[in-house]
Amino acid sequence: MDEMDPFEARLLFGNMLDNLTGAQPTIDRVSGFALKHTAMADDLLDCIADKLDKLQVPPRLNLLFVVDAILISSNRSSSQTWADLIKKNIVATVTAVIPETPGGDSNVPQVRKVVSGWKRKSVFDKGIMEKLDKLLGKRSGGASSESGMRHEDILKRIEEDRERHKRHKEDVWIRPAGELPENELELYWETASDFNDADWQEIAVENEEYQQERQLAEIVKRSI
């Protein structure tokens, strides 16, 4: 089969982004297309950047989920192509997802979780991670920022967050095909570190997500 030309790839990818939601299957479909056409990574990242500028703030989070899915999959295959391209504008991308507005505040908890995953998997170098940590800083976010959302939108977001959380936990345990059990043990033995600031951040992210879900449940309960 002939390779798709850049114009056609941008057109198809743009249409996929137009139909993107926070549901995991749509995120997987869009990220899968991008990974299949890594040779056109620059063009596809331009599409994401263009869409990011046009979207209202809350759904920009879905584009970050696509970027995250691409990074995690390429990192798993030991490919640096996507990471090298994405890191050039990742700080600007995250900034666009969490502007200091109610919509941006509502995205903060999930963005913190995504960034925490990048840190744990060493997707980016220390310099970039420090910039992202500084960007998030003491930003607050949660259900209070979503109190203006429609009842059905709140329920949809809760369900999408639960599905992502489940996939996140599964991803932690994915190992290369054919790997010997002792190799996994040796990896954990060599890479395990003392309890540190990154672990505290992970705990804080988990606690914030739990509190957000409880608050969202209260909002739904009051709206019924």
Side-chain angles (χ1 to χ4, degrees), residues 6 9-10 12-14 16-17 20 22 24 26-55 57-100 104 107-139 141 164 167-168 171-172 174-176 187 191 193 196-202 204-205:
R10 287 182 66 110
L12 287 174
F13 194 63
M16 295 174 75
L17 292 178
L20 179 67
Q24 194 62 46
T26 68
I27 293 169
D28 290 342
R29 184 161 57 249
V30 175
S31 61
F33 180 92
L35 290 164
K36 183 178 179 181
H37 300 284
T38 297
M40 303 176 194
D42 275 319
D43 291 295
L44 301 184
L45 285 175
D46 283 344
C47 287
I48 292 176
D50 290 342
K51 179 61 66 174
L52 195 64
D53 289 337
K54 296 174 182 176
L55 281 177
V57 174
R60 293 178 187 177
L61 182 63
N62 299 333
L63 293 175
L64 187 67
F65 289 145
V66 169
V67 171
D68 178 53
I70 292 171
L71 285 169
I72 298 306
S73 293
S74 58
N75 186 61
R76 193 182 299 150
S77 63
S78 300
S79 172
Q80 282 296 116
T81 302
W82 281 101
D84 288 343
L85 291 172
I86 290 172
K87 72 179 181 182
K88 298 175 182 178
N89 295 305
I90 191 59
V91 176
T93 298
V94 173
T95 300
V97 176
I98 55 167
E100 295 188 13
N107 288 341
V108 167
Q110 287 296 327
V111 172
R112 276 208 178 99
K113 190 166 187 178
V114 169
V115 171
S116 177
W118 294 343
K119 179 179 291 186
R120 187 178 61 253
K121 295 177 181 295
S122 300
V123 174
F124 298 118
D125 60 46
K126 184 178 179 181
I128 290 178
M129 294 311 306
E130 287 178 348
K131 290 179 181 178
L132 292 173
D133 286 340
K134 183 177 180 180
L135 177 63
L136 287 164
K138 297 181 180 180
R139 286 288 302 278
R164 274 190 298 275
R167 292 290 293 270
H168 169 75
D171 180 69
V172 171
I174 293 177
R175 303 298 306 160
L187 175 66
T191 58
S193 62
N196 55 35
D197 291 342
D199 296 303
W200 283 116
Q201 183 177 11
E202 185 80 11
V205 169

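Small disclaimer: the values here were computed from a predicted structure and weren't measured.
- Put simply, the side chain of Asn89 never gets that close to the backbone of Ala92: no donor and acceptor are under 3.5 Å apart.
- Judged by distance alone, the side chain of Arg112 and the main-chain N or O of Arg139 form a donor-acceptor pair under 3.5 Å.
- Between the side chain of Arg60 and the backbone N or O of Val94, no donor-acceptor pair lies under 3.5 Å.
- With rounding to the nearest 0.5 angstrom, the NZ atom of Lys121 is 5.0 Å from the CD1 atom of Ile72.
- Scanning both residues, Gly104 and Val57, for their nearest heavy atoms gives N-CG1, 3.3 Å.
- Here the shortest heavy-atom pairing between Ser73 and Leu35 reads CB-CD1, 3.4 Å.
- Residues passing the side-chain contact (heavy atoms from CB on, under 4.5 Å) test with Met16 are Arg29, Val30, Phe33, sequence neighbours excluded.
- Atom CD1 of residue Ile128 and atom CD1 of residue Ile90 lie 8.5 Å apart, to the nearest 0.5 angstrom.
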**Report entry** Candidate pair His37 and Phe13, rule side-chain contact (heavy atoms from CB on, under 4.5 Å), full reasoning
**Finding:** CA-CA 10 Å; His37 300 284; Phe13 194 63; over 6 Å; no

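- Distance check, rounded to the nearest 0.5 Å: CZ of Arg120 to CE of Met129 gives 10.5 Å.
- If you take CG on Leu85 and CG on Asp42, they are separated by 5.0 Å, rounding to the nearest 0.5 Å.
- For the pair Asn107 (side chain) and Val97 (backbone), a donor-acceptor distance under 3.5 Å is present.
- In terms of the side-chain hydrogen bond (donor to acceptor under 3.5 Å, both in side chains) criterion, Thr93 has no residue partners (sequence neighbours excluded).
- Side-chain contact, Trp118 with Asp68: a donor N or O sits under 3.5 Å from an acceptor N or O.
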Can you give the donor-acceptor pairs under 3.5 Å from side chains of residues 43-52 to other protein atoms, not counting sequence neighbours?
residue: Lys51; atom: NZ; partner: Asp18; partner atom: OD1; Å: 2.2

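- Remark: Thr81 OG1 to Ile86 CD1 distance equals 10.5 Å, nearest 0.5 Å.
- For residues 67-93, the set of pairs meeting the ring pair (Phe, Tyr, Trp, His ring centres under 6.0 Å) definition, not counting sequence neighbours, is empty.
- Counting only residues at least two apart or in different chains, salt bridge (Lys or Arg N to Asp or Glu O under 4.0 Å) contacts with residues 85-95 comprise Asp84-Lys87.
- Distance CG/Asp28 to CD/Gln24: 4.5 Å, rounded to 0.5 Å.
- Taking 4.5 Å as the limit, every side-chain heavy atom of Met40 sits out of range of all side-chain heavy atoms of Arg10.
- Under the side-chain contact (heavy atoms from CB on, under 4.5 Å) criterion, Ser122 pairs with no residue at all, not counting sequence neighbours.
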